[in-house]
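A short write-up of the structure that comes next.
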Amino acid sequence: MTVAALAVLWGVLLWGALLSVRAAVAARALDRRRRPAPPPRAAPHVVLLVPALREQELLGEVVRAAAGLPYPPGLLHVVVVTTEREERERRAVLDRAAALAADLVASGARDAAARLAGVVPSGLAAETARRTRASADPAGTLRAELDAVPTTREVASALLPEVAAEHPGVGLHHLHYPDEGAKSSQLVHAVERLADLLPPDATPSFTYVGLYDADAQPDLDTLTHLAAAVSPDGGGPAPDLVQQLPLQLRRPHAARPGAADVLLRAHALADLRRRAGVEAHRILARRRLRAARLPAGVTAVAEPVVYGIGSGLFVRHDTLVAIGMYEEPVDDLLVGYKLSSAGAVMEVLPVFNLVDRYSGTAALGKAYALVAHGSLAGCRRLLTDPVLRAFRLRNTVVLVKEGLDTLWWFAGPAVVLAAAGTLVVRGAHGPLLAWAAAACAYTVLHAWWCVRRARHWLAGHRGADARAEPPDGPSPFVLGLAFLCQPLLHWAGPVRHVARLLRGGPLVLGKTER
């Protein structure tokens, strides 16, 4: 048992070190590919979808950032998709304003702001709660505060004509989703209407549909690199998927000071390592395997599974329609599963999309719960969908790899804790301390590399505004110690998900309470 426990602990540590090495190699490869390339012979039409739910404060920033990306006139189209869900939920809140106001008065200041985080834009929650709590008529004040906040649909209707005047060569459109459903349903609603929005020369086989969330700040060279990546000049097939990596390096929209902020900084840097060591590495590895021209069966088994990452995910229009577009409960993960099963051609961009880090550990846990839910739904889809089963070997490989990965996600932290407990019970304190020292040294070095890489990528990022946040503050040593909490945060989401489902209750998910 002692040998098995040590094998588990050292295996986990070595796997983490391997991911860090992969991240360093992928980062260097992306840096090399960032060098200017000759302009392509032809550029595709690009549609940038911006789904919006209670994004009154940030919508103007992301729309201007998207419309301001340099690209040939007439080929860039920005589509803002608002939803009736926001307005329906607002009406429901107004109906119970008296009870909600009473709850705010009875709560502490921080709890009151948290209660309003899903009712008003998060940046307004604290001040709205303060004014309501201080009022002689809390219910009337809360109603007035809510009435004073325009809906995202109203903001979009006023905003788009202004941006259209600033960028006359860009097509700007506003769609409102009238039915029930979350983010994926908004996106499907938009894709189904692209034929009415795009010009006749926007052929689906050379049109790419991208997605940006409201906190996105894409690099100004994004579409230049996209056009080069999908250009027919290379002679190969046009990519089905082009991924731009989101980095949680923008100034957080509602960050709080204290230990939680250190933990969220550490998570943002750990996420950077994951983007390079997992997502970028896997796409680059698929390219190398295709170039090696191995037997088809070997390639199908060896190719890694690529996840779709929503904010910065571009999919060719005809491919997107063919795979059934975006699906609940997660708009991006199932896209990656389906395209991996289909053996799709994929590319990764060498420039990045800066996004806000999570505003609190609760929001981070909910986001992990959403991904866990999507992982389970994706595995079920791979197992039962006759369209995906028709891919036979590739589909089976994706199912096995992701099934094992999901199983380890749920069971891994418990296995590691059990292995450490076994060493304690058996009195193997020396080997356990040696492993713990190595793990601490690795996390500090890992944090140091992540900080350096974040500074390097931030220095090279060309954004539409200057709201990038350098990773200053806690030392790499403190961040390294905070990294030790990451597996528990990673585990909290799936545990929360399973617990809620077993109780038969609803699951509140996502970074922005979607």
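Here the structure is a predicted model, which is why all the values come from computation and not from measurement. Quick note: numbers below take in every heavy atom, side chains included, and nothing from hydrogens, waters or symmetry partners. Residue numbers start at 1 and run along the sequence shown.
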Between CD on residue Glu303 and CZ on residue Arg288, distance to nearest 0.5 Å: 12.0 Å
So which heavy atom on Gly68 is nearest to which on His167, and how close? CA-CE1, 3.6 Å
Is there side-chain contact between Val47 and Thr207, with heavy atoms separated by less than 4.5 Å? yes
Just do the salt bridge (Lys or Arg N to Asp or Glu O under 4.0 Å) check on Lys183 and Asp332 with the steps written out, would you? CA-CA 10 Å; Lys183 180 179 176 181; Asp332 49 6; over 6 Å; no
Distance from Gln248 atom CD to Asp215 atom CG, nearest 0.5 Å? 9.0 Å
Determine whether Ser185 and Tyr326 satisfy the following criterion, side-chain contact (heavy atoms from CB on, under 4.5 Å), listing intermediate values before the conclusion. CA-CA 7 Å; Ser185 299; Tyr326 311 96; over 6 Å; no
In terms of side-chain heavy atoms, does Asn353 have a donor or acceptor partner in Ser311 at a distance below 3.5 Å? yes
Please examine the side chains of Val230 and Leu226, heavy atoms only from C-beta on, and report whether any two atoms are closer than 4.5 Å. yes
Ignoring hydrogens and geometry beyond distance, is a side-chain donor-acceptor pair present between Glu402 and Tyr307 at under 3.5 Å? yes
Using modelled atom types only, decide if a donor and an acceptor are shared between the side chain of Asn395 and the backbone of Leu382 within a distance under 3.5 Å. yes
By the definition side chain to side chain contact (heavy atoms under 4.5 Å, CB included), identify the one residue from Val209, Leu313, Leu194, Asp240 that meets it with Leu320. Val209
Looking at Arg286 and Pro304, would you say the former's side chain and the latter's main chain have a donor-acceptor pair under 3.5 Å? yes
SB check Arg88 Glu84 (cutoff 4.0 Å): no
Reported NE2-to-CZ distance for the pair His176 and Arg153, which is rounded to 0.5 angstrom: 3.5 Å
Between the side chains of Thr151 and Arg90, is a donor N or O closer than 3.5 angstrom to an acceptor N or O? no
Backbone of Gly378 reached by a side-chain donor or acceptor of Lys338 within 3.5 Å: no
State, yes or no, whether a side-chain contact exists between Leu30 and Phe352 at a heavy-atom distance under 4.5 Å. yes
Take atom CZ of Arg392 as the centre, draw a 6.0 Å sphere, and report whether it contains more than 12 heavy atoms from other residues, nucleotides or ligands. no
Any side-chain heavy-atom pair of Val8 and Thr422 under 4.5 Å: no
Whether the Glu327 and Ser184 side chains hold a donor-acceptor pair (N or O, under 3.5 Å, no angle test) is what I'd like checked. no
Under a 3.5 Å distance rule, please check whether Gln186 uses its side chain to pair with a backbone N or O of Val81 as donor and acceptor. yes
Please determine whether the number of non-hydrogen atoms from other residues, nucleotides or ligands lying under 6.0 Å from atom CZ of Arg28 exceeds 12. no
Hey, are the side chains of Asp213 and Pro51 touching, using non-hydrogen atoms and a 4.5 Å cut-off? yes
Apply side-chain contact (heavy atoms from CB on, under 4.5 Å) to the pair His174 and Thr82, showing each step before the final yes or no. CA-CA 8 Å; His174 174 207; Thr82 55; 2.9 Å; yes
Tell me whether Arg193 contacts the main-chain N or O of His189 through its side chain, where contact means a donor paired with an acceptor under 3.5 Å. yes
For Tyr71 and Ala43, work out which heavy atoms get closest and say how close. OH-CB, 3.5 Å
Any luck finding a side-chain donor-acceptor pair between Tyr442 and Ser20 under 3.5 Å? yes
Just verifying a value: how many Å separate Arg33 CZ and Leu284 CG, rounded to the nearest 0.5 Å? 6.0 Å
Got a donor-acceptor contact below 3.5 angstrom from the Gln243 side chain to the Ile309 backbone? yes
Let's go through Leu241 and Glu347 carefully: what are the C-alpha distance in whole Å and the side-chain angles of both, what is the deciding distance for side-chain contact (heavy atoms from CB on, under 4.5 Å) to 0.1 Å, and is it a yes or a no? CA-CA 6 Å; Leu241 177 150; Glu347 289 282 354; over 6 Å; no
Measuring only between side-chain heavy atoms, which start at C-beta, is Asp31 closer than 4.5 Å to Arg453? yes
Given Val50, which of Val79, Val62, Leu211 fulfils the side chain to side chain contact (heavy atoms under 4.5 Å, CB included) condition? Val62
Audit row: Thr406, Leu376, side-chain contact (heavy atoms from CB on, under 4.5 Å) steps and yes/no: CA-CA 7 Å; Thr406 303; Leu376 293 173; 3.8 Å; yes
If only atom types and distance count, is the side chain of Arg316 paired as donor or acceptor with the main-chain N or O of Tyr208 below 3.5 Å? no
Treating Tyr177 as the side-chain partner and Val188 as the backbone partner, does any N or O pair qualify as donor plus acceptor under 3.5 Å? no
Side chain Ser340, main chain Gly336, donor-acceptor under 3.5 Å: yes
Smallest separation among heavy atoms of Ala190 and Leu49, with atom names: CB-CD2, 3.9 Å
The reported gap from OG1 in Thr83 to CZ in Arg54 (rounded to nearest 0.5 angstrom) is 10.0 Å
Would you please say whether a donor-acceptor pair under 3.5 Å links the side chains of His45 and His77? yes
For a quick test of reading the model, state the closest non-hydrogen atom pair linking Ala280 to Leu245 and the distance between them. CB-CD1, 3.8 Å
May I ask you to test the Val415-Trp408 pair for a side-chain heavy-atom distance under 4.5 Å? yes
Quick one about Gln217 and His461 (side-chain donor to acceptor, distance below 3.5 Å, no hydrogens or angles considered), yes or no? yes
Determine, for Asp271 against Arg275, whether the closest basic-nitrogen to carboxylate-oxygen distance falls under 4.0 angstrom. yes
Point-to-point distance, once rounded to the nearest 0.5 Å, from CZ of Arg22 to NE2 of His281: 3.5 Å
To check you understand the geometry: which heavy-atom pair defines the closest contact between Leu269 and Ala454, and what is its length? CD2-CB, 3.9 Å
Write down the atom of Ala229, the atom of Leu349, and the distance for their closest heavy-atom approach. CB-CD2, 4.4 Å
Beyond-backbone contact of Cys450 with Arg273, side-chain heavy atoms, under 4.5 angstrom: yes
